[in-house]
There are 2 protein chains.
Amino acid sequence: MSSFLDTGGQLIELTRDECWEQLSSCEVGRVAWCGSGGPTVLPVNFVAAEGKIVFRTSPYSASARECDDLPVAFQVDGIDPVTRSGWSVLARGTAHLLYDGARAPSVGAAVDVWAGGRRALHVVIEPRKLTGRRLLPS
Amino acid sequence: MSSFLDTGGQLIELTRDECWEQLSSCEVGRVAWCGSGGPTVLPVNFVAAEGKIVFRTSPYSASARECDDLPVAFQVDGIDPVTRSGWSVLARGTAHLLYDGARAPSVGAAVDVWAGGRRALHVVIEPRKLTGRRLLPS
């Protein structure tokens with residue numbers, strides 16, 4: 001338990017290169033969009049390479065119904081409860097849905113989906129804004 | 001690398017009780033809202049108890065400026081890359097900002113913020129919708 005005036009760890013901004021390095025090191029990220037029921041956040045397997053974030057979904061999923069050509073956020077983080085530290089990266093851009101696999105960027109072929117089920121639709125985000133922070137141990 | 005027809009792990013829905021159990025076991029969650037720049041996702045320390053999710057922030061933060069009395073999502077997950085399995089919980093509701101600490105719910109006193117800096121503002125979410133899924137190892 002802490003007071004309102006606690007002295008905790010320092011937050012430092014990550015550079016764009018550091019953000020991209022963290023993004024490309026992750027297998028699972030979280031896509032967020034503003035749907036009919038308000039904001040939604042869903043973990044997905046993805047690949048970040050060649051300036052693009054690519055994940056796969058079903059054409060019948062909420063993300064497919066509610067994301068196409070709309071602003072989305074894509075978030076990854078790493079948290080260490082032992083040292084009370086971590087980092088987070090937030091990519092923002094427009095989601096583009098590719099129903100034709102042949103039009104998907106080559107990096108899309110590397111998306112390894114852990115969950116079962118057919119996910120023929122590629123979702124591509126080219127981040128227009130990429131920000132991140134690291135929380136140092138206090 | 002996998003084909004579009006991969007056979008992965010099974011996804012099962014969590015009950016509301018299971019969702020709440022997972023939520024209340026976490027120290028860090030992610031708040032998402034639809035701001036002026038589109039959706040935003042930010043990790044925060046929080047407490048989930050007595051039917052409420054409570055985190056703290058600065059009155060000058062983006063979440064304070066953009067969340068009050070608006071729909072937000074709050075997300076937690078646990079991911080195991082070794083077994084390619086995990087779980088995620090999504091709580092949706094309206095965020096209420098309490099500038100007067102005396103009005104904050106008692107559970108708010110237990111929010112232990114890892115990052116330094118004054119965070120006098122309590123943000124309270126009473127989830128109207130609580131959903132979650134577990135991905136079993138394939």
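Every chain is numbered from 1 and lettered A, B, ... according to where its sequence line falls, protein lines coming before strand lines. Remember, it's a predicted structure, so these values are computed and weren't measured experimentally.
Heavy atoms of B:Arg92 lying under 4.5 Å from chain A belong exclusively to its side chain. Neither the backbone nor the side chain of A:Leu70 comes within less than 4.5 Å of any heavy atom in chain B. Heavy atoms of B:Val41 lying under 4.5 Å from chain A belong to its backbone as well as its side chain.
Of the listed residues (A:Asp77, A:Leu11, A:Leu42, A:Val47), the one with the most heavy-atom contacts under 4.5 Å to chain B is A:Asp77. Ranked by heavy-atom pairs shorter than 4.5 Å toward chain A, the options B:Ser88, B:Cys34, B:Pro71, B:Gly38 are led by B:Cys34.
In this structure a side-chain-to-backbone donor-acceptor pair under 3.5 Å is missing from A:Glu21 to A:Glu18. A:Asp68 places a side-chain N or O within 3.5 Å of a backbone atom of A:Leu97 that can act as its donor or acceptor partner. Put simply, the side chain of A:Arg56 gets close to the backbone of A:Arg119: a donor and an acceptor are under 3.5 Å apart. Between the side chain of B:Gln22 and the backbone N or O of B:Cys19, no donor-acceptor pair lies under 3.5 Å. Using modelled atom types, one side-chain atom of A:Asn45 and one backbone atom of A:Trp114 make a donor-acceptor pair closer than 3.5 Å.
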Using residues 125-138 of chain A as the side-chain source, report each donor-acceptor pair under 3.5 Å to any protein atom, sequence neighbours left out, with the distance given to one decimal.
unit_1	atom_1	unit_2	atom_2	d
A:Arg128	NH2	B:Gly37	O	3.2

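Residue pairs meeting the ring pair (Phe, Tyr, Trp, His ring centres under 6.0 Å) criterion with at least one member in residues 12-33 of chain A, sequence neighbours excluded, do not occur.
Every residue was checked against the ring-ring contact (aromatic ring centres under 6.0 Å, His included) condition with A:Phe55, not counting sequence neighbours, and none meets it.
Contact residues of residues 57-67 of chain B toward chain A are absent (heavy-atom distance under 4.5 Å).
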